[in-house]
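The structure appears right after this line, and notes come after that.
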Amino acid sequence: VETDQPAPPQTPTPTPTPEPPTEVSETVNTTNGQADATFQPDQNITEAQVSNLPGDVSAVSITVSSTNPSIGSGGLPSNVGTFLEITPQDAEENEISVTQDATVSTVVQDSAVTGISNPTLYHDVNSNGTYTQLDTQASEVSNGIRLTATTTGLSPFAVAEATPPTSVVDEFDTDGNGEISITELGQAGQAFASGEISITELGEVGAAFASAETSVVDEFDTDGNGEISITELGQAGQAFASGEISITELGEVGAAFAS
């Protein structure tokens, strides 16, 4: 006699935990020249702050990505933790450029820098696929490591293993163009005055500056358009006020602006 056997109990299929998205963006308004963004705790970056923004920046779009947003990866080491793209916007939500110094501070998850012993920020200053290592302050926080650096303008950033400079000239060639500018020479002078570098090292930086063939006008033409803008003239004025350039050099920049 056949009898119906009860069906074996079904084992429920576990629901897979979704992977965090490889790219996530937040657009935040600025307040007093500062923008603060917070991301979900499963992201490589959980906090990002941009300060010292000019008055025409009304909002900032901040994108955390596992892929390089730039056109190249020159200057980056092989061990990269994550990428960060910062895009300033005006009141009409149009993308605008920032040519002055801005400070970027970000909290990176420990999991994003696994295998990176000395994480630091890199910046593709000219958005041309060449990254420059920034002078980065690192501090441990409860949910990761905070990295803070000041750089000119805003464009793609990367968190990666710090690479020691090959020479004192490389250390002060902060824009990575292979030359020492008057501003970079001034920074080397300040480092010498504070005892960070020797007179010999200062001489090396000075020799690299002397060998550069760019004029003071080229130095302050930061966007490379062959003209001096009111912003660039103001930067030259600040450099004169701090003793980095002479009155003659300031006059050359002023004449280029007037032309």
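Summarising the geometry of Gln89 relative to Ser61, their closest heavy-atom pair is NE2-CB, 3.8 Å, with the distance given to 0.1 Å. Across all their heavy atoms, Pro119 and Ile145 have their closest contact at CG-CD1, 3.8 Å. Heavy atoms only, all atoms of each residue included: Phe209 and Ile180 are closest at CD1-O, 3.1 Å. Taking all atoms of both residues into account, the shortest heavy-atom contact from Leu76 to Ala158 is CD2-CB, 3.8 Å. Closest approach of Thr151 to His123, counting heavy atoms only: OG1-ND1, 2.8 Å. Nearest heavy-atom pair, Gln133 versus Thr120, reported as atom, atom and distance to 0.1 Å: CG-CG2, 3.9 Å.
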Intermediate values then yes/no, side chain to side chain contact (heavy atoms under 4.5 Å, CB included), Val60 and Ile86: CA-CA 7 Å; Val60 173; Ile86 302 175; 3.4 Å; yes
Between Ser65 and Thr67, is the side chain to side chain donor-acceptor pair (under 3.5 Å) condition met? List the steps. CA-CA 5 Å; Ser65 176; Thr67 57; 3.0 Å; yes
Can you list the steps and then say if Gln137 with Leu147 is a side chain to side chain contact (heavy atoms under 4.5 Å, CB included)? CA-CA 6 Å; Gln137 294 180 341; Leu147 303 175; over 6 Å; no
Can you list the steps and then say if Ile182 with Phe220 is a side chain to side chain contact (heavy atoms under 4.5 Å, CB included)? CA-CA 9 Å; Ile182 186 66; Phe220 287 98; 4.2 Å; yes
Using side chain to side chain contact (heavy atoms under 4.5 Å, CB included), reason through Val253 and Glu249 one step at a time and then give a plain yes or no. CA-CA 6 Å; Val253 179; Glu249 291 170 318; 5.8 Å; no
Is there a salt bridge (Lys or Arg N to Asp or Glu O under 4.0 Å) between Glu47 and Arg146? Walk through the geometry before answering. CA-CA 9 Å; Glu47 298 177 27; Arg146 180 178 293 278; 3.1 Å; yes
Intermediate values then yes/no, side chain to side chain donor-acceptor pair (under 3.5 Å), Glu244 and Ser242: CA-CA 6 Å; Glu244 297 176 33; Ser242 62; 3.0 Å; yes
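With Gln43 as reference, Val24 is the one residue of Val108, Val24, Thr38, Thr82 to meet the side chain to side chain contact (heavy atoms under 4.5 Å, CB included) rule.
Clustering ILVMFWY residues whenever any of their side-chain heavy atoms sit less than 4.5 angstrom apart, transitively, puts Val169 in the very cluster that holds Ile197. Follow the hydrophobic side-chain contacts under 4.5 Å out from Leu121 and you reach Ile62 in the same cluster. When the side chains of ILVMFWY residues are joined at heavy-atom separations under 4.5 Å, either directly or via intervening members, Val104 and Val159 end up in a single hydrophobic cluster. Note: the hydrophobic cluster containing Val28 does not contain Val50 (ILVMFWY, side chain heavy atoms under 4.5 Å, direct or indirect links).
The aromatic rings of Tyr131 and Phe83 are tilted relative to each other, their planes meeting at an angle between 30° and 60°.
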Contacts table for residues 93-101: side-chain donor-acceptor under 3.5 angstrom, sequence neighbours left out:
residue : atom : partner : partner atom : Å
Gln100  : NE2  : Asn52   : O            : 2.7
Asp101  : OD1  : Thr152  : OG1          : 2.8

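The backbone N or O of Ser58 sits less than 3.5 Å from a side-chain atom of Thr30, completing a donor-acceptor pair. Side-chain N or O atoms of Asn68 include one that pairs as donor or acceptor with a backbone N or O of Gly72 at under 3.5 Å. Listed for the Ser70 side chain is no donor-acceptor partner under 3.5 Å among the backbone atoms of Ser127. With hydrogens and angles disregarded, no donor-acceptor distance shorter than 3.5 Å links the side chain of Gln49 to the backbone of Thr106. Checking side-chain atoms of Asp124 against main-chain N and O of Asn128 turns up a donor-acceptor pair under 3.5 Å. In terms of modelled atom types and a separation under 3.5 Å, the side chain of Asn44 and the main chain of Ser66 share no donor-acceptor contact.
Remark: Thr183 OG1 to Glu219 CD distance equals 5.0 Å, nearest 0.5 Å. To the nearest 0.5 Å, atoms OG (Ser51) and CG (Asp36) are separated by 8.5 Å. The CZ atom of Phe157 lies 6.5 Å from the CG atom of Leu134; values are rounded to the nearest 0.5 Å. Distance check, rounded to the nearest 0.5 Å: CZ of Phe39 to CG of Leu84 gives 7.0 Å. We find the CD1-CD distance between Ile45 and Gln40 to be 14.5 Å, quoted to the nearest 0.5 Å. Distance check: Asn118 CG to Ile116 CD1 gives 10.0 Å after rounding to the nearest 0.5 Å.
Considering only residues two or more places apart in sequence or on other chains, Thr174 meets the side chain to side chain donor-acceptor pair (under 3.5 Å) condition with Glu184.
The number of heavy atoms from other shown groups lying within 6.0 Å of CG (Asn32) does not exceed 12. Enclosure of atom CG in Asp135 is not indicated, since only 12 or fewer non-hydrogen atoms of other residues, nucleotides or ligands lie within 6.0 angstrom.
Other residues sharing the hydrophobic cluster of Val141, ordered by chain and number and joined by side-chain separations under 4.5 Å: Val107.
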